Amino acid sequence: MKETTTTADAQVKEAARRLLRAAADGVPCAPVRDLLGTNDLRAAYAVQQQITWERILRGGVVVGRKIGLTSAAVQQQLGVDRPDVGILFQDMSYLGGDTIPIRTVQQPRVEAEIAFALADDLTEGPLDTDQVRGAIAYAVPALEVCGSRIENWDISLVDTVADNASCGAFVLGPRRRSLDEFTPQDVVMSMTVDGTEVSTGTGAACLGDPLNAVVWLARQARELGDPLRAGQVILSGALGPMHPVVAGNKVTAKISPLGAVTVTFGEGES
């Protein structure tokens with residue numbers, strides 16, 4: 001990373017406490033940039049790491065990684081200018097057709113993307129497109145349910161990085177395809193909420209190609225000291241704008257020719 005500022009450990013710990021409290025209480029908090037500054041991404045990832053450790057100590061199981069903010073449309077929506085990395089936990093995972101209790105994700109917004117499953121570690125070598133492509137076992141259509149612990153989604157890049165890249169839940173579709181069966185860059189996406197189209201996009205909207213996004217993620221993860229591993233699920237980033245959801249909504253993303261994935265949001269808690 002090129003960041004030159006360093007935030008004191010005490011401020012990193014306080015930012016982590018603020019976000020953990022918001023998650024536990026279900027009440028969004030103030031942004032953490034007042035503690036971390038607006039440019040210290042190293043400190044923001046340190047906060048994310050502390051929160052990850054805390055979740056693991058409480059029994060959380062890491063199952064993958066996400067790359068966020070890959071779409072220009074989503075960057076524009078949130079006022080940021082580069083991608084970020086987040087951690088996927090087992091208790092965030094749902095399958096197509098499931099119902100997600102609305103209270104499990106704060107201020108939920110949904111986006112459609114391609115999820116990749118890794119067959120090999122991405123720890124050594126150039127981590128270029130050929131290597132990344134060869135490490136992918138299969139792809140499925142996916143929905144990411146983004147959620148912010150920060151009130152009114154009032155986030156800078158530092159805020160969303162600290163807040164685990166605004167990750168809430170994810171939904172994997174049933175149909176698996178190898179990269180020999182489709183070209184990620186060429187997919188066409190349409191997402192509906194209760195039958196009304198709310199988002200459209202293509203594979204090219206995700207850093208020019210979803211595989212470019214996975215390359216970026218693999219390199220960033222290794223730089224952060226936690227490289228991508230075989231068996232992990234990788235959410236490669238939004239193919240179009242995200243959309244807010246409420247209890248009762250049914251969301252379907254059709255990602256041609258990969259397939260479709262649907263989820264419903266219900267009342268109650270997990």
Side-chain angles (χ1 to χ4, degrees), residues 1-70 74-75 77-92 103-109 111 144-170 216-217 219-228 235 237-238 242 244:
M1 293 185 186
K2 296 181 179 178
E3 292 72 48
T4 57
T5 55
T6 302
T7 302
D9 285 349
Q11 290 166 295
V12 167
K13 290 177 181 176
E14 178 55 33
R17 279 194 293 268
R18 183 183 295 180
L19 291 166
L20 285 165
R21 192 180 311 119
D25 295 346
V27 179
C29 62
V32 294
R33 57 184 177 268
D34 64 317
L35 296 167
L36 306 179
T38 57
N39 298 309
D40 197 344
L41 289 184
R42 201 175 292 275
Y45 278 112
V47 173
Q48 184 187 120
Q49 188 176 53
Q50 285 208 10
I51 292 171
T52 296
W53 288 341
E54 184 66 29
R55 290 197 64 162
I56 290 171
L57 285 172
R58 295 177 184 179
V61 177
V62 174
V63 295
R65 220 70 59 84
K66 65 160 281 187
I67 174 172
L69 308 173
T70 55
V74 172
Q75 288 184 4
Q77 277 184 302
L78 298 180
V80 299
D81 63 358
R82 72 187 83 175
D84 63 356
V85 179
I87 307 296
L88 302 180
F89 287 89
Q90 192 171 58
D91 63 1
M92 297 176 176
R103 291 184 180 87
T104 61
V105 181
Q106 290 176 264
Q107 306 178 101
R109 299 178 179 184
E111 60 188 29
E144 182 183 354
V145 188
C146 302
S148 182
R149 272 58 62 178
I150 294 171
E151 189 173 12
N152 297 322
W153 280 88
D154 178 15
I155 59 173
S156 66
L157 185 60
V158 162
D159 294 305
T160 186
V161 167
D163 189 25
N164 196 25
S166 303
C167 193
F170 63 97
W216 183 92
L217 177 61
R219 292 173 176 174
Q220 186 76 355
R222 184 169 69 179
E223 184 176 337
L224 290 169
D226 189 14
L228 305 183
L235 297 183
M242 60 173 61

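The basis for the numbers below is simple: all heavy atoms, side chains too, and nothing from hydrogens, waters or symmetry mates. Treat the numbers as computed from the prediction; the structure is a model and nothing was measured.
- Using a 4.5 Å heavy-atom threshold, the side chains of L36 and V47 count as touching.
- Closest non-hydrogen pair, C146 versus W153, comes out as CB-CH2, 3.8 Å.
- Here the CG atom belonging to D163 is positioned 9.5 Å from the CG atom belonging to L20, to the nearest 0.5 angstrom.
- Here the straight-line distance linking atom CG of D226 with atom CD of Q49 works out to 8.0 Å at 0.5 Å rounding.
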### Task
Please lay out, stage by stage, how D154 and R33 fare under the test side-chain contact (heavy atoms from CB on, under 4.5 Å).
CA-CA 10 Å; D154 178 15; R33 57 184 177 268; 2.9 Å; yes
### Query
Does the side-chain contact (heavy atoms from CB on, under 4.5 Å) test come out yes or no for K66 and V85, once each step is laid out?
CA-CA 6 Å; K66 65 160 281 187; V85 179; over 6 Å; no
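- For the atom pair E151 CD and Q106 CD, the distance stands at 10.5 Å (nearest 0.5 Å).
- Between I155 and S148, the shortest heavy-atom contact is CG2-OG, 4.0 Å.
- Here CD of E223 is found 9.5 Å from OH of Y45. Values are rounded to the nearest 0.5 Å.
- Annotation: side chain of C29 is in contact with side chain of L19 (closest heavy-atom distance under 4.5 Å).
- Nearest approach of K13 to Q50, heavy atoms of both residues: CG-NE2, 3.6 Å.
- For the atom pair CG (L88) and CG (N164), the distance works out to 8.0 Å, reported to the nearest 0.5 Å.
- Between R55 atom CZ and F89 atom CZ the span is 5.0 Å, to the nearest 0.5 Å.
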### Message
Pair L157, L69 - check side-chain contact (heavy atoms from CB on, under 4.5 Å), show working.
### Response
CA-CA 9 Å; L157 185 60; L69 308 173; 3.7 Å; yes
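- The two residues A238 and T70 make their nearest non-hydrogen contact at N-OG1, 3.3 Å.
- A donor-acceptor pair under 3.5 Å is formed between the side chain of R18 and the backbone N or O of P31.
- Here the closest non-hydrogen pair linking G37 and V158 is O-CG1, 3.6 Å.
- The two residues V161 and Q48 have their closest heavy-atom pair at O-NE2, 2.8 Å.
- Without hydrogens or angle criteria, E111 side chain to E144 main chain gives no donor-acceptor distance under 3.5 Å.
- Looking only at side-chain heavy atoms (C-beta outward), Q11 and E14 stay at 4.5 Å or farther from each other.
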